[in-house]
There are 2 protein chains.
Amino acid sequence: MATNVQLLKDALRKEGLLYTPQRQIIWDEICKTDDHRDAEEIYFKIKQGGHKVSRATVYRTIDVLVKNNLVRKLELGDGRNRYENKLDSSHHDHIVCIQCGRIDEFMDENIEKLQDEIAKKYQFKIVRHIHQLFGLCRDCN
Amino acid sequence: MATNVQLLKDALRKEGLLYTPQRQIIWDEICKTDDHRDAEEIYFKIKQGGHKVSRATVYRTIDVLVKNNLVRKLELGDGRNRYENKLDSSHHDHIVCIQCGRIDEFMDENIEKLQDEIAKKYQFKIVRHIHQLFGLCRDCN
DNA sequence: TCTTTAATGAGATTGAGTCTCAAAAGTAAT
DNA sequence: ATTACTTTTGAGACTCAATCTCATTAAAGA
Ligand SMILES: [Zn+2]
Ligand SMILES: [Zn+2]
Ligand SMILES: [Zn+2]
Ligand SMILES: [Zn+2]
């Protein structure tokens, strides 16, 4: 956890922002699981944990964390943004069950390479990508 | 255009829905360009064209068109859904400039195949996928 | 301490999208 | 064509995630 404190402090310093108890509480909550939760879930978990942090601060802090690469924003197409911590910073994409909501993670070096080639062909400089497979998991099929 | 009329009629019959002037107007508007427009843009273009169709009908009809494979829904991560007609029904994914909004289309057989392999490995039955590359286009870089 | 700047929180606001329900339009049988 | 029935439409209310406002609170610096 000490490491997580330092990561946050560094990010805030880089942004010229102050280190505050609220920001630490939010970052801690996001580090607690490897789930893919939306901002409301994170907000309510914090509340439930007995801390008082406002909704506005949760949203604002998440934005800072995303901008500084501590958190990844996922857009799973259900109208709300989801977030996962990047403590284990290895890149992955997602395969989502449209029935039960189960989310698995995958990573394919070959796909990643092919993306780079596409970028080169179109003369784009890629900064991020979304790659999600939607379907029915084994249990739901 | 005659073809487009028939495509709509067939889809509506399949759904047990009636063929109405409003639904044709909406489908026509979507067929007019190969852009990637959101529902509001489509709604206002129709209004601007002198037709009176309600917002609710636009949203409802787009849903029918998507369900019946005449229109593809895109989620480009900016909080609103975008749509493109599938008259030229070849599959493609998107590469998006985060600066100027330019959207190019790409298709890579190898990526598509690798996705199938991932699905097999995770025992998912894929029904759709999102694959978008975000970055700076040549002009913006 | 005093002054200045930054962060927070409660609640208002936005905006895409959905829902409601009375009115309008379509369908089918007489 | 008239009636009886069903479907669609449209205006506006509503929802929900997310953002904004601004008065209050907390932190930093002199
Ligand atoms: Zn990837
Ligand atoms: Zn993940
Ligand atoms: Zn594809
Ligand atoms: Zn396209």
- Is there a side-chain contact between A/K9 and A/L12 (heavy atoms, below 4.5 Å)? no
- Message: In the structure I gave you, are the side-chain heavy atoms of A/I126 and A/D116 within less than 4.5 Å of one another anywhere?
- Response: no
- Message: Tell me which one of B/I25, B/I26, B/D28 satisfies side-chain contact (heavy atoms from CB on, under 4.5 Å) with B/H51.
- Response: B/I25
- Query: Just wondering, are more than 12 heavy atoms of other shown residues or ligands nearer than 6.0 Å to NZ in A/K86?
  - Reply: yes
Scan nucleotides 15-19 of chain D against the protein and return all N/O pairs shorter than 3.5 Å with their distances rounded to 0.1 Å.
{"residue": "D/dA18", "atom": "OP1", "partner": "A/N81", "partner atom": "N", "Å": "2.8"}
{"residue": "D/dA18", "atom": "OP1", "partner": "A/N81", "partner atom": "ND2", "Å": "3.4"}
{"residue": "D/dA18", "atom": "OP2", "partner": "A/Y59", "partner atom": "OH", "Å": "3.0"}

Interatomic distance, [X] [atom1] vs [N] [atom2] [rounded to whole Å]:
{"X": "A/I26", "N": "C/dA7", "atom1": "CD1", "atom2": "C1'", "answer": "11 Å"}
{"X": "A/R13", "N": "D/dA27", "atom1": "CZ", "atom2": "P", "answer": "17 Å"}
{"X": "B/H51", "N": "D/dT9", "atom1": "NE2", "atom2": "C1'", "answer": "16 Å"}
{"X": "B/F44", "N": "C/dG17", "atom1": "CZ", "atom2": "P", "answer": "13 Å"}
{"X": "A/E15", "N": "C/dA7", "atom1": "CD", "atom2": "C1'", "answer": "15 Å"}
{"X": "B/R37", "N": "C/dG17", "atom1": "CZ", "atom2": "C1'", "answer": "18 Å"}
{"X": "A/L12", "N": "C/dA6", "atom1": "CG", "atom2": "P", "answer": "14 Å"}
{"X": "B/R23", "N": "C/dA25", "atom1": "CZ", "atom2": "P", "answer": "15 Å"}

- Could one point to a donor on the side chain of B/R60 or the base of C/dG17 with an acceptor on the other under 3.5 Å away? no
- Message: Between A/D34 and A/R72, does any NZ, NE, NH1 or NH2 come within less than 4.0 Å of an OD or OE carboxylate oxygen?
- Response: no
- Query: Between C/dA6, D/dG10, D/dT7, which one does the side chain of A/L18 approach most closely?
  - Reply: C/dA6
- Task: Would you indicate which nucleotide in C/dA7, D/dT8, C/dG9 comes nearest to any side-chain atom of B/T20?
- Result: D/dT8
- Message: Is there a side-chain contact between A/Q22 and the phosphate of C/dG9, meaning an N or O under 4.0 Å from OP1 or OP2?
- Response: yes
- Task: Check whether any side-chain N or O of B/T57 sits under 4.0 Å from OP1 or OP2 of D/dG10, and answer yes or no.
- Result: yes
- Taking for each residue the nucleotide of DNA chain D bearing the nearest heavy atom, is the 5' side occupied by B/Y43 or by B/G16? B/G16
- Message: Main chain of B/I95, side chain of B/D104: is a donor-acceptor contact present, judged purely on distance under 3.5 Å?
- Response: no
- Query: Should the ring pair B/H129 and A/H131 be called parallel, tilted or perpendicular, given that the plane angle runs from 0 to 90° and is split at 30 and 60?
  - Reply: perpendicular
